[in-house]
Amino acid sequence: MADLETRVLDCFSNVFPDVAREALRTATQDTIPNWDSVAHITLFASLAEEFAFELDYESAEAVHSFAEAMEYVRAHATNP
């Protein structure tokens, strides 16, 4: 099975297919123009499905970068 970072990267790539995978590792909402509220919910729905956690929209709102998403997944995933 792929490591955690690869799996998170896959979720980001699915939501932001026009952004190079290497650029996604340092991505923030400021660096990806398409990272709007709809993309944010889509991203977190994808992460919740991939890592089998209950999506908490309120705490997910505080995530604004790939690095923060990694930390969120580490804290919430039931199948990392």
Student: Nearest heavy-atom pair of Pro33 and Thr31: which atoms, and what distance?
Tutor: CD-O, 3.5 Å
Student: Could you give the distance from CD1 (Ile41) to CG (Leu55), rounded to the nearest 0.5 Å?
Tutor: 6.5 Å
Student: If you look at every heavy atom in Phe44 and Ala60, which pair is closest and at what distance?
Tutor: CD2-CB, 3.7 Å
Student: In chain order, what residues pass the side chain to side chain contact (heavy atoms under 4.5 Å, CB included) check against Glu68, with sequence neighbours excluded?
Tutor: Val63, His64, Ser65
Student: Nearest 0.5 Å, please: how far is CG in Leu43 from CD in Gln29?
Tutor: 9.5 Å
Student: With side chain to side chain contact (heavy atoms under 4.5 Å, CB included) as the test, would you mind laying out the steps for Glu50 and Asn14 before giving the verdict?
Tutor: CA-CA 12 Å; Glu50 175 67 24; Asn14 289 335; over 6 Å; no
Student: Indicate, with yes or no, if the rings of Phe51 and Tyr72 have centres closer together than 6.0 Å.
Tutor: no
Student: From Leu24 CG over to Phe12 CZ, what is the distance, rounded to the nearest 0.5 angstrom?
Tutor: 7.0 Å
Student: A side-chain contact here means heavy atoms from C-beta on lying under 4.5 Å apart; do His76 and Glu54 qualify?
Tutor: no
Student: Using modelled atom types only, decide if a donor and an acceptor are shared between the side chain of Ser13 and the backbone of Leu9 within a distance under 3.5 Å.
Tutor: yes
Student: Check whether the ring centres of Trp35 and Phe66 lie less than 6.0 Å apart, and answer yes or no.
Tutor: no
Student: For Val38, does its backbone N or O pair with a side-chain atom of Thr42 as donor and acceptor, under 3.5 Å?
Tutor: yes
Student: Could you tell me which non-hydrogen atom of Val15 sits nearest to which non-hydrogen atom of Ala39, and how far apart they are?
Tutor: CG1-O, 3.8 Å
Student: So, using side chain to side chain contact (heavy atoms under 4.5 Å, CB included) as the criterion, who are the partners of Arg74 when residues are at least two apart?
Tutor: Leu4, Met70, Glu71
